[in-house]
Protein chains: 2
Amino acid sequence: MAGFGDATAVARVGEGRYEIDLDPDFGFAEAINGGYLMAVLARAAVDACPHAHPISTATHFLRVAQPGRAEIHVDVRKAGRTAATALVSLVQGDRPVVDALITLGTLDPDAAPAYLGAPPAPELPPVEECLDFAGGQSQNGFAQHIDLRFDKATMGWLDGAPSGRPELRGWFRLRDGYAPDPFALALAVDAMPPVALNAGARGWSPTVELTWHLRALPAPGWLALHGSGRMVADGWFDEEVEVWDSAGRLVAQSRQIARLGRGGA
Amino acid sequence: MAGFGDATAVARVGEGRYEIDLDPDFGFAEAINGGYLMAVLARAAVDACPHAHPISTATHFLRVAQPGRAEIHVDVRKAGRTAATALVSLVQGDRPVVDALITLGTLDPDAAPAYLGAPPAPELPPVEECLDFAGGQSQNGFAQHIDLRFDKATMGWLDGAPSGRPELRGWFRLRDGYAPDPFALALAVDAMPPVALNAGARGWSPTVELTWHLRALPAPGWLALHGSGRMVADGWFDEEVEVWDSAGRLVAQSRQIARLGRGGA
């Protein structure tokens, strides 16, 4: 089983052209995980651009990615001193599967916030008091890679007792010891089950669009994920995830809009 | 002076090719307004795609748009039964100025939310108690088009007394009587001054990326804009805007990430 670094490594095969074998272990039965795909696209963008950090990534998921060979096309739209922007597409069978616009820049690892709102409430319980959801799921490749520990107060949907509020909270780390970095954050913002499961949704909820912003370079250790949603309506729901690092810093913000699963709401 | 409808109309000149004269009145001295540009791109996307409503728009602003002639290139990446996705680029002088990925769908005008969180607090004061910021700015084309009435509690920055919290609230309508629709919402989500002005920022703050989601089709009347920010750090800040219509429905959600102006924070 490849670690996260190897599983997201892209091979440059030409100007703005990369290849990868998408790892089926980073997904569930239905599909390769969107966060894993965003990490892969970010690696190609960083390789092709003169900046190290994917500051702002907007991803539209067009089709279901299949495990195995995929091409990545990077079209650098602007390469400036402060920022560069690229259109990055994952292509399989000559069709775009995922399109992302990524603006890269260079963050200062020592920057302190000039303003920061309150951390999300309630706080996460300690890791050891959280639910190790994946304990019994050894057949699930995603759970073999990713260690998620959920705040039990947000897991009622598992027992048919959703809280009624679209929210999920949990701790996140990679089991292989891969330290948090921007690529791991791309994975983290889409690692939890859909928050709409706590608002009556059932089944698989395909993400249509996800935008995330890298706000600081994360410290080593567990990442805290705080997921919430504003509205479920007309077959669509939004999901916001904030990622806080072990040093208590807001390191990533995401919002996605997704379709309700066939079963739901 | 053209109305909003005429000022955003695009002329089809070929397969996936459109032209427009960008109206300098929809901007300030420094630049054409980003929301106006998003409305223009959305019109081209709707024309080129088999769905009526721009559900999810992710926009990267690469360069400063100039008034006058621009081309719009629409590349339909997927045209499905439920949704279509297009890459839409505004081009001037053969260079991309704004790139957007837009997923379109068809919303039900009568859909009621299955879940909706609380309206933002505090509520906006009535229109007549709000600040008509543009009253004395007759040279400002933007203010001749757009009627913004601000909650005075969020306008201390005007008098050198920023509140310390990145937030702005106000009422929005088009002066020409153009009724709220998805194109007007594209304008509304980027119509206010930067929320960071209340957190010590000064000067112009260029938007780098803005994603907005259309959540419902808006009713006629004033729109309520609630703007807030989470963090100002390392030269970047985020700004979230919720738009509520006169029927009390959440009709649009946006988040942008922007650079602090030269003067600030």
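As a basis for the values below, the full set of heavy atoms in this structure was taken, side chains included, without hydrogen atoms, waters or symmetry mates. The chains referred to below are lettered A, B, ... by the order of the sequence lines, with proteins before strands, and numbering in each begins at 1.
At distances below 3.5 Å, not a single donor-acceptor pair connects side-chain atoms of T85(A) with backbone N or O atoms of K78(A). Although no hydrogens or angles enter the test, the distance criterion places a donor-acceptor pair under 3.5 Å between the side chain of N198(A) and the main chain of S163(A). Judged by distance alone, the side chain of D238(B) and the main-chain N or O of M231(B) form a donor-acceptor pair under 3.5 Å. Of the possible polar contacts, one joining the N33(B) side chain to the D190(B) backbone as a donor-acceptor pair under 3.5 Å is found.
At a cut-off of 3.5 Å, with distance as the only test, a side-chain donor of Q256(B) or T207(B) sits close to an acceptor on the other residue. Between the side chains of H53(B) and T106(B), no donor-acceptor pair is found at a separation under 3.5 Å. Side-chain N/O atoms of T103(A) and H60(B) include a donor and acceptor closer than 3.5 Å.
Residue with the most contacts toward chain B among T211(A), L101(A), L116(A), L62(A): L101(A) (heavy-atom pairs, distance under 4.5 Å). Of all the listed residues (R255(A), Q253(A), R165(A), R230(A)), the one sharing the greatest number of non-hydrogen pairs under 4.5 Å with chain B is R230(A). Between chain A and the residues D99(B), L87(B), L250(B), T59(B), the largest count of heavy-atom pairs under 4.5 Å involves D99(B). Of the listed residues (A58(A), A112(A), G235(A), A216(A)), the one with the most heavy-atom contacts under 4.5 Å to chain B is A58(A). The residue among G229(A), A84(A), P96(A) with the most heavy atom pairs within less than 4.5 Å of chain B is P96(A).
For E242(B), the part lying under 4.5 angstrom from a heavy atom of chain A is the side chain only. Contacts between P119(B) and chain A at a heavy-atom distance below 4.5 Å involve the backbone alone (N, CA, C, O). If you measure heavy-atom distances from A100(A) to chain B, the contacts under 4.5 Å come from the backbone alone. If you measure heavy-atom distances from D110(B) to chain A, you find no contacts under 4.5 Å at all. Using a 4.5 Å cut-off between heavy atoms, A118(B) contacts chain A through its backbone alone, with no side-chain atom that close. Heavy atoms closer than 4.5 Å to chain A are found in the side chain of T82(B), but not in its backbone. If you measure heavy-atom distances from I102(B) to chain A, the contacts under 4.5 Å come from the backbone alone. If you measure heavy-atom distances from E167(A) to chain B, you find no contacts under 4.5 Å at all.
Annotation: cation-pi pair R259(B)/W236(B) present, NZ/CZ under 6.0 Å from the ring centroid and within 45° of its normal.
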